[in-house]
Amino acid sequence: MKKLIRFLIRTIPRPVLIRFSYLFSRIMRVWYRGDKVDCPVCENSFRKFLPYGIVIRENALCPACLSLERHRLLWLFLKEETDLFSNKMTFLHVAPEQCFHPRFKKLENLDYITADLESPMADMHFDLHDIPLEDNQYDFLMCNHVMEHVEDDHQVMKEILRILKPGGKAILQVPLDNSLEETYEDPNITNPAEREKHFLQKDHVRLYGNDYPQRLEKAGFKVSAFSFAQVLGKEKTEKFKLPFDEVIFLASKPEV
Ligand SMILES: [Zn+2]
C-alpha cells in the first residue's frame, strides 16, 4: 500500500489529485488515521502526512485537505499575526490554494474574491502584468508561488501595490533558495528542460534568492519578515510538520 501511495502521488499531477480530492481524501483519511500529526488547516489528526514532492519529502501532504508544509505554516501565521479572521476587509486571493479557498469563502467578515489567469474556479480572470481593476481596492491580497512564473515580476508587484488600499497588506510567497544572495534570472533560458535545470521547474523563469524582500521594497512595499515556525517552536513544528526555515514576508502598502 505504501508503495502504491508513493507511486500515485509521484505519478499523478497535483491538479488531478485536487480534482479527485474528495474521493482521494475519503480513502486516505481512513488509511492514515491516527494522532501523531495535526493539520491546523482542516483540524484533523493522522498517524502521519503523505509523502510528496519531485524529491519525495516524508510527512508533507495532508490526506484530508491536501495542505503542504508551507500552507500549514501560512495558515497559522494568518490566524495569529493578521486580522484576516476577525476584521471586516476586502480580500483578493490570486491563484487560490485549494486547501484555503473554501475556508476563506465561509468567513463572514471577509468580502472575498478570487482571480486567476485561467482557472475556471476563480471569480475573475486577468493577467497580473496589467490588472483591469481600479486603484486602492483591497485591504488584503494573497498571491503565492506565482512571481517565479511571471515575465516581469517588478511590473506585477507594482500592479498589486496599485490595487491595494493604503495600509493594505499582501502575502506574496515564492520558492526561495537561501544559498543565493541574489535572485538568478536569465531571459535567454526559455527551453522547459533548461528552465527546470536552472530554476527548478519547467515553467519557472527565475530562482529567487535572499534579495526577494528588497525586490518587493523596490516596487514600493514595506516588508516585515517572520521566521514563524521558529517563533512557534520545535514542538509545534513537529506536530504540524512545518518548514522550519521558511520566512513569511508580509508586504504593506505605505499609508502615503
Ligand atoms: Zn488538512
Side-chain angles (χ1 to χ4, degrees), residues 1-2 4-82 84-86 91 93-110 112 114 116 119 121-122 140 142-146 171 173 175 226 228-248:
M1 186 68 179
K2 194 175 169 185
L4 176 67
I5 290 167
R6 273 171 185 272
F7 173 77
L8 288 175
I9 289 169
R10 229 180 201 167
T11 317
I12 302 173
R14 196 154 177 268
V16 178
L17 279 183
I18 286 169
R19 201 172 310 152
F20 294 102
S21 60
Y22 181 71
L23 179 65
F24 179 82
S25 73
R26 291 277 291 220
I27 300 165
M28 287 303 155
R29 74 171 74 189
V30 174
W31 183 254
Y32 274 75
R33 76 181 151 212
D35 59 3
K36 286 273 193 306
V37 296
D38 292 340
C39 174
V41 182
C42 64
E43 299 180 348
N44 285 299
S45 299
F46 306 97
R47 63 185 167 85
K48 61 180 180 175
F49 292 120
L50 290 154
Y52 189 75
I54 298 167
V55 179
I56 288 279
R57 309 187 301 277
E58 293 297 331
N59 266 310
L61 183 78
C62 172
C65 71
L66 305 186
S67 69
L68 293 169
E69 302 95 319
R70 62 185 166 89
H71 299 127
R72 296 191 286 275
L73 180 66
L74 182 56
W75 186 257
L76 291 165
F77 175 82
L78 293 171
K79 282 207 142 175
E80 292 192 23
E81 298 291 330
T82 72
L84 202 59
F85 293 79
S86 52
F91 176 13
H93 193 178
V94 181
E97 294 92 337
Q98 164 85 5
C99 60
F100 294 153
H101 173 247
R103 293 174 172 86
F104 287 138
K105 215 170 170 179
K106 272 191 204 153
L107 289 177
E108 286 183 3
N109 61 303
L110 295 179
Y112 176 70
T114 58
D116 195 276
S119 166
M121 271 171 48
F140 204 92
M142 209 156 82
C143 177
N144 295 319
H145 285 233
V146 169
I171 302 267
Q173 292 297 100
F226 298 81
F228 196 63
Q230 296 173 24
V231 172
L232 292 171
K234 286 265 186 218
E235 201 177 310
K236 284 186 179 168
T237 295
E238 256 320 290
K239 193 76 180 164
F240 299 131
K241 296 293 175 193
L242 306 174
F244 197 65
D245 294 326
E246 180 157 338
V247 179
I248 294 175

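Order of appearance sets the numbers: ligands from 1, and atoms from 1 within every ligand.
- Of all protein atoms, those of element N, O or S that lie under 2.8 Å from the Zn ion (ligand 1) number 4.
- Nearest heavy-atom pair across E238 and V37 is O-CG1, 4.5 Å.
- The two residues H71 and V41 have their closest heavy-atom pair at O-CG2, 4.2 Å.
- How far CZ of F240 is from SG of C39: 9.0 Å, rounded to the nearest 0.5 Å.
- A salt bridge does not link E58 to K241: none of the charged nitrogens lies less than 4.0 Å from a carboxylate oxygen.
- Both the sub-6.0 Å distance and the 45° axial angle are satisfied by R72 relative to the ring of F49.
- A229 and T237 get closest at one heavy-atom pair: O-OG1, 3.3 Å.
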